[in-house]
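Just so it is clear: chains get the letters A, B, ... in the order the sequence lines come, proteins before strands, and each one is counted from 1.
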There are 2 protein chains.
Amino acid sequence: MIQPNARRTQAERSKASREKIILAATKFFAQNGFRATKLSEIAQAVEMSEPGLLHHFPSKNHLLIGVLEERDRLDQQRYVGVADGEDLPVVTSLRELVTHNEAVPGLVQLFTVLVAESITADHPGHDFFRKRYQNLREIGIELISKSQEKGEIRNDISAEDLIVMIFAMMDGLQIQWLLEPEKISMTKEFNLFLQFLTG
Amino acid sequence: MIQPNARRTQAERSKASREKIILAATKFFAQNGFRATKLSEIAQAVEMSEPGLLHHFPSKNHLLIGVLEERDRLDQQRYVGVADGEDLPVVTSLRELVTHNEAVPGLVQLFTVLVAESITADHPGHDFFRKRYQNLREIGIELISKSQEKGEIRNDISAEDLIVMIFAMMDGLQIQWLLEPEKISMTKEFNLFLQFLTG
DNA sequence: GTCTATACCCTGATAGAC
DNA sequence: GTCTATCAGGGTATAGAC
């Protein structure tokens, strides 16, 4: 006889394990990239054996996708949250986004390291990142267009082009910043860039 | 008795081997990154055994540094060549640089993939890229300053900030372009960005 | 769900002959 | 300078018990 209570408890415990694993994996992937990260170090971090870990994620690739989807979900919550606050100018929201990113270097590094690794076509994250950029660009174009109509942003350049430039500036600044955190200020340079957008 | 002629011939042959290896390694590093590249595939590409290859470069790390220095040397020749042609506006030179980069995707990918991989502190290319950016920024600041004095570029933003933004835009566009070459045009977006610089 | 044991493959690097 | 042979080590993933 199946006891609902016991079942829920077990399911919850399993979920907790998954999340603990994702959290630890996030840290190592961000620090060392995907290929250089060993299952053993993740397993050790969550105080579990390798097969124990592989019970939750059938392979290392699955684990990567799990990490990316989870992190992307959180990331996008904030991004879309930005979109909802339509009373704020987009420029202000972008400024806040970068400021926030500067506060969580680990997460930024995760995406910067992995997106670059995934440029190579055979990387397990390749499709994920292509779709991610496509998706983020689409959302961004909406926002920028509205903002242009309101006159907040210059309209002599198309929203399509602007959003590509905006993401490029973010990614590029992240690289220099991650290489020399003491020397490069993401927010400072990005805010200067934003001046360009208001014409 | 040492024969000068024979010695020179041998040294030349060795140099040819080195260059063949670097050429092949460049291709694989660009395609798959450093860590994912196996010595065996490079060795096979140059029709040599692994120990034969390791005779020229004592370790895989040495080979990476060899590749980076060689490619950087070529890259910088063009970059400094740009600096010398002082009659041309910097903006024009930058435009040409990016146009050239779009024509050699392999080389661009080499640096984009490797710089991102090397963000992790323990990567054998980490120091190389930090120094590279420092060096390129220094050269760039000189050029931008002069250009500002001549009134070609807006002077309400410091040359230090402008050069960081310029490299960021280049790197960021490269990422999106490498992920979707058919969809993103580096030159188009970069030229739009250059408009910002002339005020 | 988690473990122990282990299979299996690959990888960079070395020893030593030619 | 290049090879064959081989080492030492580490990596993911599976089998099967508890």
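Residue A:Ser49 places at least one side-chain N or O closer than 4.0 Å to OP1 or OP2 of C:dC3. OP1 or OP2 of D:dG11 has not a single side-chain nitrogen or oxygen of A:Thr37 nearer than 4.0 Å. For the pair A:His55 and D:dT14, the criterion of a side-chain N or O lying under 4.0 Å from OP1 or OP2 is not met.
Nearest-nucleotide mapping onto DNA chain D: of A:Pro58 and A:Ala36, the residue sitting toward the 5' end is A:Ala36.
Taking atom CZ of residue A:Arg18 and atom P of nucleotide C:dT2, one finds them 13 Å apart after rounding to whole Å. Between the CD atom of A:Glu41 and the P atom of D:dG11 there is a distance of 8 Å, given to the nearest Å. Rounded to a whole Å, the CD atom of B:Glu50 is 10 Å from the C1' atom of C:dC10. Spacing between atom CG of A:Leu54 and atom P of C:dA5 amounts to 18 Å, rounded to whole angstrom units. With rounding to whole Å, A:Leu53 atom CG is found 12 Å from C:dG1 atom C1'. Atom pair B:Phe57:CZ and C:dG12:P shows a separation of 15 Å (rounding to whole Å applied). Going from atom CD of B:Glu47 over to atom C1' of D:dC3 covers 15 Å, rounded to whole Å. What separates NE2 of A:His62 from P of D:dT12 is a distance of 15 Å, to the nearest Å.
The backbone N or O of B:Phe34 sits less than 3.5 Å from a side-chain atom of B:Lys60, completing a donor-acceptor pair. For B:Arg137 (side chain) and B:Val164 (main-chain N/O), no donor-acceptor pair under 3.5 Å exists by modelled atom type.
Of all nucleotides listed (D:dG11, C:dA13, D:dT12), D:dG11 comes nearest to the side chain of A:Lys38. Residue B:Ser17 has its side chain nearest to D:dT2 when only D:dT2, C:dC3, C:dG1 are considered. Checking D:dC3, C:dT2, D:dT14 against the side-chain heavy atoms of A:Met48 singles out C:dT2 as nearest. Comparing C:dA13, D:dT2, C:dT2 against the side chain of A:His56 picks out C:dT2 as the nearest. Distances were taken from every side-chain heavy atom of A:Lys60 (C-beta onward) to each of C:dT2, D:dT12, C:dT14; the shortest belongs to D:dT12. Here the side chain of A:Ser40 is nearest to one of C:dC3, D:dG11, D:dA13, namely D:dG11.
A cation-pi contact links B:Arg132 to B:Phe111, judged by a cut-off of 6.0 Å to the six-membered ring centre and 45° from its axis.
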### Query
What do the steps show when you test B:Glu180 against A:Gln134 for side-chain hydrogen bond (donor to acceptor under 3.5 Å, both in side chains), and what is the final call?
CA-CA 10 Å; B:Glu180 294 180 277; A:Gln134 281 170 9; 2.6 Å; yes
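Within 4.0 Å (heavy atoms only), B:Leu39 reaches sugar-phosphate atoms of the nucleic acid but no base atom.
Salt bridge status for A:Lys146 with A:Glu149: absent, with no side-chain N to carboxylate O gap under 4.0 Å.
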